[in-house]
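Working notes, structure below.
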Amino acid sequence: MSAPLDLLPSHASVRRLDSILVDRIAAGEVVERPASVVKELVENAIDAGAVSIEVAIEAGGRRLIRVIDDGHGMGPEDLDLAVERHATSKLPDGDLGRIVSLGFRGEALPSIGAVARLAITSRRAEDRAGTNLVVDAGIKATLRPASGPRGTRIEVTDLFSATPARLKFLKSDRAETAAISEILRRLAVAQPGIRFTLRTENGNPTVFPAESEPGPAAFLRRLGAVLGVDFPPNAVPLALAREGFSLEGHIGLPTFHRGTASHIHFCVNGRPVRDRLLLGAVRGAYADTMSADRHPVLALALACAPDLVDVNVHPAKTEVRFRDPGLVRALVVSAIHESLRRVGARSSTTGAARTLDALRPGGAGGFSLHSGAAAYPRPAGADTYRVATPSFAAPAGWRAPDRDRSGFSDTPQASFAAEFVPPGADSRASAEPQEPVSDHPLGAARAQLHETYIVAQTTDGIVIVDQHAAHERLVYERLKRERAEGGVARQGLLIPDVVEMAPAEADRLIAAAEDLERLGLTLEAFGPGAVLVRAVPSALSGGSVKNLVLDVLDALDASGVEEGGLVGTGDPLSRRLDAILSRMSCHGSIRAGRRLRAEEMNALLREMEATENSGQCNHGRPTFVTLKLSDIERLFGRR
C-alpha cells in the first residue's frame with residue numbers, strides 16, 4: 001500500500017545519502033539481531049586461525065558482546081582499514097568463484113560499528129604492542145597503542161543504539177541468548193578443532209573443548225558435546241565420495257529422532273549452512289523409516305573444490321548453491337541409505353532407557369517395586385527380623401512347574417518357565433523344545449506376551465519385539481526388493497473381487513492402474529463407482545482385498561494422481577510407489593493378537609537380522625527394545 005500523500009516529501013529532487021546513513025541502511029542486511037553479530041565476529045576469528053574463541057554476552061547481546069580469540073591478530077594499518085566498508089584480506093585475487101574463507105565481503109565490522117559502539121584491540125605475534133580502535137555509531141576514532149596477548153578482542157556495546165527502532169523487533173533476552181547459543185553450536189560442529197566458550201551473566205559457561213586429533217572419533221566426541229550424550233551410542237558413521245564431492249559424518253538411527261529439524265547439522269567446506277536442498281535430501285533419505293512429523297539427528301560435512309559451490313547467494317551466508325545440485329542430492333540420499341543398510345537390525349538405546357525408567361520405583365510407568373529392608377519397617381524391640389514376601393493370588397489353573405521337570409536347574413540364572421494348565425488338560429503335556437541361546441543379535445524366542453510381543457533371550461540380556469511392527473517392515477522390504485528386481489510377484493484371485501466406492505475414487509485408481517500393476521495389484525474398471533481386482537501381491541494374499549484397495553486409494557490421495565499415472569512435485573516416482581507399498585505391507589504382516597509357535601517367532605527374529613532397516617517399522621516406531629542383563633539386575637539390587 002502506498003504512503004499517504006501528507007507523508008511524502010514536498011519535492012522530488014535526488015540527493016546523495018550521507019555515508020553514515022548508507023552504512024546504517026546496509027547494516028540491516030548483515031546485523032539482524034545479536035546472534036548475527038556473534039556469527040560474523042566468530043567467523044572472522046576462525047578465518048584468523050584461532051584455536052580458542054571465547055564469547056561473552058549480557059542482556060542477550062544487547063548490552064554487551066565480547067569476542068576474544070588467539071588468532072593472528074592485526075597490525076595498525078590493517079585494523080584501520082578493517083572497519084571500512086568492502087575492505088578485506090580474504091579475496092587476494094578478487095575471484096568470487098574460489099572462496100576458501102568464511103567471511104569475504106568486508107561488511108561485518110563497518111556494519112556493526114554503524115549501529116553500536118565497537119571497540120577492537122588486536123596484536124600480532126611479531127608486534128611488541130597491540131592497537132586499539134573505537135567506532136561509535138559510524139564515527140571512527142584515532143588508533144591508540146594498547147597492551148594485550150596475541151589475537152583480537154572485540155567488544156560491541158549498546159547494540160542498535162544508533163537505530164533504536166530496531167530494538168523494538170528484538171525478542172526477549174532469553175530468546176536472543178538461545179539464538180546466540182545455537183550459532184555457536186553450529187560453528188562448533190563445523191570446526192571441531194577449535195575450543196568454543198560461551199559466557200552469560202546467568203549460570204555456568206558452555207564449553208566445547210577442542211579436538212586436537214582430526215578423524216571420525218574426534219568428530220563424534222564433538223557431536224556428543226553438542227548434540228547430547230545420547231547421540232554417540234545411537235549414531236552411525238557415514239563416508240562417501242563421488243565426482244569431486246566428499247561426504248563424511250554421523251547420522252542418527254531412524255528410531256532416534258526429534259520433533260524439530262534443529263538437530264540436523266550440515267557444513268560445506270567448513271561453513272555451517274541451512275540449505276533447503278540438503279534438508280530435502282535428508283528428509284527423502286529417511287522418508288520410509290521415520291514418521292513425517294519427526295526429524296532425524298545428524299551432522300554431515302561436505303567437502304568439494306571451491307568452484308563447485310557458490311556461497312555468495314545469501315546475505316547471512318547460510319545458504320549455498322551447487323553447480324550440480326542433482327549430484328549432491330543423490331550423494332546425500334545414497335550415503336544415508338547405505339549407512340542405514342549396513343546397520344541391519346539395530347534400534348536406539350533410548351527405548352531401553354525409557355523402559356528401565358518406567359520399571360524403577362516411582363518411574364514414569366507408575367510401577368512400584370518394594371525391595372530391601374527399607375520397604376518394610378523393623379518391629380519395635382526386635383533385634384533381628386526377616387523381610388516378608390508380598391503375597392499374591394495365583395490365577396485359576398496356574399501352578400508352579402514340577403521340580404523334576406526337564407530343563408530346571410538350581411544354578412544361578414536357571415532357565416525355567418511357568419505353565420498355564422487349562423482346566424481338563426493333561427498336566428504332564430511336554431513343552432516345546434527351546435532353541436538354545438546363540439550369538440544371534442536378537443537371540444532365541446522364549447515367550448509371546450499378549451499375542452503381540454515376542455520375548456527373546458540373548459547372551460547378555462533380553463529383547464522384546466513388536467511382532468506386527470517387525471513383520472510389517474519385513475514385508476515392506478520384500479515388496480521393495482521384488483519391485484526393484486522387475487516387478488512384485490502377484491497372486492491371481494480365483495474369483496475376482498469387486499470393490500465399490502465413489503465414482504471419483506474409482507477413477508483415481510484406474511488412472512494409476514499401470515503403476516499399480518507393477519506393484520502386483522491388478523485391477524480394472526467395473527462400471528461407475530467400482531473396480532474389479534484380479535490379482536494381489538503374493539506377499540499379501542489371504543487378506544482383505546477391500547481394505548487393501550482402500551489403503552492404496554489413501555496412498556494415492558496422499559501422493560497425487562492424474563491422467564497418465566502418479567504425480568508429485570519434486571518427488572521421484574519410485575518414492576511414491578514405495579509409499580504405496582508401505583501402505584500395502586500392513587495387510588500382509590502378522591497382526592497383533594495372533595499366537596505364534598516357537599519356530600515362527602525364531603524365523604521372524606532371523607529374518608529381522610538379515611533385513612535392512614528392521615529396527616523400525618514403516619512409520620518410524622521401534623520394532624524391538626533391548627534390555628541388558630546388567631541393567632535388569634540393577635532393578636533388583638543385584639548390582
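Worth knowing before you read on, the calculation uses all heavy atoms, side chains too, and leaves out hydrogens, waters and symmetry mates.
- Checked options I251, L253, V282; the residue passing with P296 is V282 (criterion: side-chain contact (heavy atoms from CB on, under 4.5 Å)).
- The closest side-chain heavy-atom distance from R242 to S334 is below 4.5 Å.
- Checking each of V333, L331, V332 against R329 for a side-chain contact (heavy atoms from CB on, under 4.5 Å) leaves exactly one that passes, namely V333.
- Note that the CG atom of L102 and the NZ atom of K39 stand 8.0 Å from one another [nearest 0.5 Å].
- When all heavy atoms are compared, the tightest approach of P110 to A82 is CD-O, 3.8 Å.
- For the pair A299 and V189, the tightest heavy-atom approach, listed with the atom from each and the gap, is CB-CG1, 3.9 Å.
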**Q.** Residues R195, V51; criterion side chain to side chain contact (heavy atoms under 4.5 Å, CB included); working and verdict
**A.** CA-CA 6 Å; R195 175 187 175 92; V51 296; over 6 Å; no
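- Minimum heavy-atom separation, L308 to G244: CD1-O, 4.2 Å.
- Closest non-hydrogen pair, C267 versus A190, comes out as CB-CB, 3.8 Å.
- Taking the side chain as every heavy atom from C-beta outward, H265 and R186 approach each other to under 4.5 Å.
- Looking at D69 and S52, their side chains never come closer than 4.5 Å, going by heavy atoms from C-beta outward.
- For R174, the CZ atom sits in a loose shell: 12 or fewer heavy atoms of surrounding residues, nucleotides or ligands are nearer than 6.0 Å.
- Here the closest heavy-atom approach between residue A116 and residue V156 is recorded as CB-CG1, 3.8 Å.
- Within the 4.5 Å cutoff, the side chain of I53 has heavy atoms near those of the V67 side chain.
- Checking side-chain atoms of S161 against main-chain N and O of D158 turns up a donor-acceptor pair under 3.5 Å.
- A distance of 13.0 Å separates CD in E211 from CD in Q191, rounded to the nearest 0.5 Å.
- Between R199 and T206, the side chains place no donor N or O within less than 3.5 Å of an acceptor N or O (distance only, hydrogens not considered).
- Proximity of L278 to V273: side-chain heavy atoms (C-beta onward) are separated by under 4.5 Å at one or more points.
- Formation of a donor-acceptor pair under 3.5 Å by the D70 side chain with backbone atoms of R150 is not found in this model.
- The side chain to side chain donor-acceptor pair (under 3.5 Å) test applied to D173 returns R62, not counting sequence neighbours.
- The distance from atom CZ of R271 to atom CG of L187, rounded to the nearest 0.5 Å, is 10.5 Å.
- In this structure, the side chain of R222 does not engage the main chain of V226 through any donor-acceptor pair within 3.5 Å.
- In this structure, the side chain of S339 engages the main chain of A335 through a donor-acceptor pair within 3.5 Å.
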Q: Check step by step if side chain to side chain contact (heavy atoms under 4.5 Å, CB included) holds for S582 and D288.
A: CA-CA 8 Å; S582 178; D288 64 351; 5.8 Å; no
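- Counting heavy atoms from C-beta outward, L302 and F245 have side chains that approach closer than 4.5 Å.
- Counting only distance, with no hydrogens or angles, the side chain of T197 and the backbone of E54 share no donor-acceptor pair below 3.5 Å.
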(Q) Determine whether F196 and V55 satisfy the following criterion, side chain to side chain contact (heavy atoms under 4.5 Å, CB included), listing intermediate values before the conclusion. (A) CA-CA 8 Å; F196 292 90; V55 179; over 6 Å; no
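- Residue H257 holds its NE2 atom at 10.0 Å from CZ of R621, rounded to the nearest 0.5 Å.
- With contacts defined as side-chain heavy-atom distances shorter than 4.5 Å, the pair P272/F266 does not qualify.
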Q: Given salt bridge (Lys or Arg N to Asp or Glu O under 4.0 Å), test D80 with K140 step by step and report yes or no.
A: CA-CA 9 Å; D80 187 49; K140 184 172 67 172; 3.2 Å; yes
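- Only one option out of T152, T131, V134, L41 pairs with I120 in a side-chain contact (heavy atoms from CB on, under 4.5 Å); it is T152.
- In this structure, the side chains of F322 and V268 come closer than 4.5 Å at one or more pairs of heavy atoms.
- With hydrogens and angles ignored, the 3.5 Å screen pairs a side-chain donor or acceptor of D324 with a backbone N or O of L327.
- Atom CZ in F208 sits 15.5 Å away from atom CZ in R221 (nearest 0.5 Å).
- Taking both residues in full, the closest heavy atoms of C304 and V309 are given as SG-CG1, 3.8 Å, listed atom of the first, atom of the second, then distance.
- Shown here is E213, whose CD atom has no more than 12 heavy atoms of other residues, nucleotides or ligands within 6.0 Å.
- Ring geometry for F219 versus H250: interplanar angle of 30 to 60°, hence tilted.
- Ion pairing between a basic and an acidic side chain is recognised when a charged N comes within 4.0 Å of a carboxylate O; E176 and K171 show no such pairing.
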Q: Evaluate the criterion side-chain hydrogen bond (donor to acceptor under 3.5 Å, both in side chains) for residue pair N132 and T121; output intermediate values, then yes/no.
A: CA-CA 4 Å; N132 175 265; T121 302; 2.9 Å; yes
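- Here the side chain of D275 pairs a donor or acceptor atom with the backbone of L277 at under 3.5 angstrom.
- Side chain of R274 to main chain of I264: a donor-acceptor pair is present (N/O by atom type, distance under 3.5 Å, no hydrogens or angles).
- The CE atom of M74 lies 8.0 Å from the CG atom of N44; values are rounded to the nearest 0.5 Å.
- S291 and D293 are linked by a side-chain donor-acceptor pair at a separation below 3.5 angstrom, with hydrogens and angles left out of the test.
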Q: Kindly indicate, with the supporting measurements, whether the criterion side chain to side chain contact (heavy atoms under 4.5 Å, CB included) is fulfilled by R153 and R66.
A: CA-CA 7 Å; R153 174 191 179 102; R66 180 188 301 118; 3.2 Å; yes
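- Look at E155 and R117 and you find no salt bridge, because none of the NZ, NE, NH1 or NH2 atoms lies under 4.0 Å from a carboxylate O.
- S172 places a side-chain N or O within donor-acceptor distance of the main-chain N or O of A175, the cut-off being under 3.5 Å.
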